[in-house]
Structures are given as structure tokens and as C-alpha cells.
Amino acid sequence: MISAPHAESNVGRGASALRRRILAGEVRPGGPLREVALAAELGVSRNTLREILLMLAAEGLVQHVPHHGARVVQLGVRDARDIYLVRQVIESAAIERAASRPLQAAEYLSAAIERLEDAAGAHDLDRLVEADLGFHRSLAAVLESDRLTALFHTIETQLRLAFSIVAFADREYEQPAPLVDEHRRLQKVITGGDVDRAKEALLEHLAKYETRLIAVLREQERGVHEAP
């Protein structure tokens with residue numbers, strides 16, 4: 001009982017260290033995560049390392065391959081484009097539905113903005129990414145469609161990884177005000193009743209981050225190919 005908090009802190013610290021190495025591209029996307037070597041590098045036991053890998057797998061950063069152990073998830077340019085295509089379909093449809101449910105949309109998105117503001121105040125990468133994802137999850141929820149909600153859920157793991165990659169590369173968690181302001185403007189225009197204007201703002205937002213994500217992924221790919 002006494003050792004539990006210590007073990008938990010080891011998992012948290014180890015997960016943070018490995019997460020940052022993955023997002024920085026220091027661990028090759030698609031590359032294997034060797035338990036013995038990685039546990040030594042992080043200064044944790046192999047049991048603790050397994051807990052760390054399970055945590056990062058839940059975040060979409062690590063994948064467990066049967067008979068081959070764990071490896072870093074590899075998000076490619078084609079994946080990025082596909083994810084954002086799905087987002088365009090779902091979130092554009094949600095904007096149309098928001099026009100007929102203004103009070104519900106305002107409630108969902110206002111709560112999402114509050115969570116984003118709280119996360120920004122903490123200057124924490126994980127909280128900021130989750131709150132950013134939460135805003136778009138709340139927008140999708142306006143549809144009240146089980147099937148479209150399930151479709152959005154299928155891309156959430158890779159979307160969380162995509163958000164993390166960009167937020168880490170651009171260090172958004174250190175200066176989160178522009179991200180919060182952009183989502184606040186989106187909230188205002190989505191709940192303003194002008195569907196065409198809201199769709200235009202959303203598509204500009206999605207195109208901006210899709211372009212940035214692809215640029216970062218290509219930088220990572222070049223780094224892998226240039227590595228000795």
C-alpha cells in the first residue's frame with residue numbers, strides 16, 4: 001500500500017519521458033520498443049515499463065503487435081489526409097445540425113471552451129491536447145447520431161496523436177493563447193446561426209492544421225531517412 005504512490009509516480013514520469021521522445025521523433029515511428037533497453041534508459045523496472053506502454057497505447061502513441069512486442073505508432077501523410085477528410089464530413093454536418101439546435105450547441109461548446117481554457121492555464125501538453133480534441137468531440141456530439149459518433153471515435157486515437165505531434169512541434173502548450181482564441185472564434189461563429197460562414201471557418205481551421213501536421217510528418221520522415 002505504501003509503495004503504490006511511488007510506483008504510480010514512476011509510471012507517470014516514465015510515460016512523460018517516453019511520450020516526449022516519441023513526439024520529438026527521437027524514437028523512430030514504426031520502430032520497436034525493446035523492453036530491456038528501454039527500461040534501463042528510463043530507469044524503471046520492466047513491470048513499470050509495461051504499465052507505461054499500456055498508458056501510451058491508450059493514447060495512440062504505442063501499438064502492441066502480437067509476437068513482436070510494442071512499437072511506436074507510425075502516422076503517415078496518407079493517414080493524416082484521411083483523418084481530416086473524415087473530420088470534414090462529420091464536423092461540417094454537425095455545424096448544419098447546430099443551426100437547428102442552437103441552445104444545445106452553445107451548451108456543448110461553451111463547456112468545451114472552459115475545459116480548453118483550464119488546460120491552457122496549466123500549460124500541460126496532455127491536457128491541452130485532450131481539451132482540443134474535446135472541443136471537436138463536443139461539436140460531433142451535436143449530431144446526436146450513434147453511428148457518426150462511433151465513426152468519430154474510430155479516428156480519435158490517431159487524431160490525438162496528430163494533435164500531440166503538432167502541439168509538441170509548435171510548443172503550443174507553452175503559448176496556448178492563440179489556440180484558445182481560435183477555438184473561441186469557432187465557437188462564436190458556429191453558434192451564430194450563419195451556417196455558410198461557420199462551415200468556411202471550420203474548413204479553414206481544419207486545412208490549417210492538416211497542412212501543418214503533414215509538414216511535421218514529412219520533417220520526421222526526412223529525419224528518419226537521414227539518420228545514420
Side-chain angles (χ1 to χ4, degrees), residues 23 58-61 73 75 79-120 122 124-170 172-173 176-214 216-217:
L23 294 177
E59 295 175 10
L61 294 175
V73 168
L75 188 66
D79 297 312
R81 287 178 173 148
D82 200 29
I83 289 168
Y84 275 82
L85 177 59
V86 173
R87 292 189 66 192
Q88 288 174 20
V89 172
I90 294 177
E91 296 185 46
S92 293
I95 283 177
E96 291 183 3
R97 184 61 63 91
S100 63
R101 290 180 168 82
L103 294 179
Q104 183 187 55
E107 179 184 355
Y108 284 5
L109 296 182
S110 293
I113 288 292
E114 288 180 10
R115 290 191 292 270
L116 188 58
E117 290 171 341
D118 289 343
D124 180 89
L125 172 65
D126 299 332
R127 285 185 60 187
L128 190 67
V129 166
E130 179 55 37
D132 188 349
L133 179 59
F135 178 92
H136 296 279
R137 187 189 297 120
S138 295
L139 177 57
V142 174
L143 286 164
E144 292 189 331
S145 165
D146 291 340
R147 288 172 178 80
L148 287 175
T149 297
L151 178 58
F152 189 85
H153 182 69
T154 64
I155 67 167
E156 275 197 41
T157 297
Q158 287 190 314
L159 191 54
R160 182 179 286 105
L161 174 57
F163 282 9
S164 297
I165 288 170
V166 172
F168 184 86
D170 295 344
E172 288 180 329
Y173 55 97
L179 182 70
V180 176
D181 289 344
E182 185 165 353
H183 283 81
R184 195 182 286 117
R185 287 193 295 271
L186 268 178
Q187 174 211 14
K188 185 175 180 180
V189 72
I190 289 170
T191 56
D194 188 332
V195 174
D196 290 338
R197 185 181 170 209
K199 278 189 175 182
E200 182 180 359
L202 172 71
L203 293 177
E204 286 179 0
H205 174 80
L206 296 182
K208 171 185 171 181
Y209 280 93
E210 179 183 3
T211 299
R212 180 58 185 142
L213 172 61
I214 288 172
V216 176
L217 291 174

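Residue numbers count from 1 along this sequence.
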Revision key, fill the gap. For S145, the side-chain hydrogen bond (donor to acceptor under 3.5 Å, both in side chains) test, sequence neighbours excluded, returns none
Where do [X] and [Y] come nearest, in terms of heavy atoms and distance?
X    : Y    : result
V166 : L213 : CG2-CA, 3.8 Å
L109 : L139 : CD2-N, 3.9 Å
D126 : D124 : N-OD2, 3.1 Å
I190 : A98  : CG2-CB, 4.2 Å
A120 : V180 : CB-CG2, 3.6 Å
S164 : L125 : O-CD1, 4.4 Å

Check your understanding: Given L116 and L128, is the side-chain contact (heavy atoms from CB on, under 4.5 Å) satisfied, shown in steps?
Key -> CA-CA 6 Å; L116 188 58; L128 190 67; 4.0 Å; yes
Practice item. Could you list the residues that satisfy side chain to side chain contact (heavy atoms under 4.5 Å, CB included) with Q104, not counting sequence neighbours? Key: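 Only R101, Y108, V142, E144 meet the side chain to side chain contact (heavy atoms under 4.5 Å, CB included) criterion with Q104.
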Practice item. Name all residues meeting the side chain to side chain contact (heavy atoms under 4.5 Å, CB included) criterion together with A207; count only those two or more places apart in sequence or in a different chain, and write none if there are none. Key: none
Check whether any side-chain N or O of [X] sits under 3.5 Å from a backbone N or O of [Y] as a donor-acceptor pair, and report yes or no.
X    : Y    : result
D170 : E172 : no
S100 : R97  : yes
S110 : E107 : no

Check your understanding: Would L151 and I90 satisfy side-chain contact (heavy atoms from CB on, under 4.5 Å), going step by step from the backbone distance to the final call?
Key -> CA-CA 9 Å; L151 178 58; I90 294 177; 3.9 Å; yes
Nearest 0.5 Å please: distance from the [atom1] atom of [X] over to the [atom2] atom of [Y].
X    : Y    : atom1 : atom2 : result
I155 : Y84  : CD1   : OH    : 9.0 Å
L75  : I214 : CG    : CD1   : 10.0 Å
L206 : I83  : CG    : CD1   : 12.0 Å
R160 : L133 : CZ    : CG    : 5.0 Å
D132 : L179 : CG    : CG    : 5.0 Å

Exercise for review: For the pair R115 and E130, evaluate salt bridge (Lys or Arg N to Asp or Glu O under 4.0 Å) and give the outcome as yes or no after the intermediate values.
Suggested key: CA-CA 9 Å; R115 290 191 292 270; E130 179 55 37; over 6 Å; no
Point to revise | pair V86-T154: side-chain heavy atoms closer than 4.5 Å | key: no
Practice item. Please determine if R87 and E210 form a salt bridge, counting it only when a charged side-chain N lies under 4.0 Å from a carboxylate O. Key: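 Not counted as a salt bridge, because no side-chain N and carboxylate O are separated by less than 4.0 Å.
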Exercise for review: Would you mind checking if R137 and E156 are paired as a salt bridge, meaning a charged N to carboxylate O distance below 4.0 Å?
Suggested key: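 Salt bridge present between E156 and R137.
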Check your understanding: By salt bridge (Lys or Arg N to Asp or Glu O under 4.0 Å), which residues pair with R184, not counting sequence neighbours?
Key -> E117, D181
Revision key, fill the gap. Between L61 and the options I165, L161, V73, T157, the side-chain contact (heavy atoms from CB on, under 4.5 Å) test singles out L161
Donor-acceptor contacts, no H, no angles, side chain residues 194-203, under 3.5 Å, sequence neighbours left out:
| unit_1 | atom_1 | unit_2 | atom_2 | d |
| --- | --- | --- | --- | --- |
| D194 | OD1 | D196 | N | 3.4 |
| D194 | OD1 | R197 | N | 3.1 |
| K199 | NZ | E96 | OE2 | 2.3 |

Review point. Which pairs, with at least one residue in residues 132-167 and sequence neighbours excluded, count as a ring pair (Phe, Tyr, Trp, His ring centres under 6.0 Å)?
Key: F135-H183, H136-H183, H136-H205
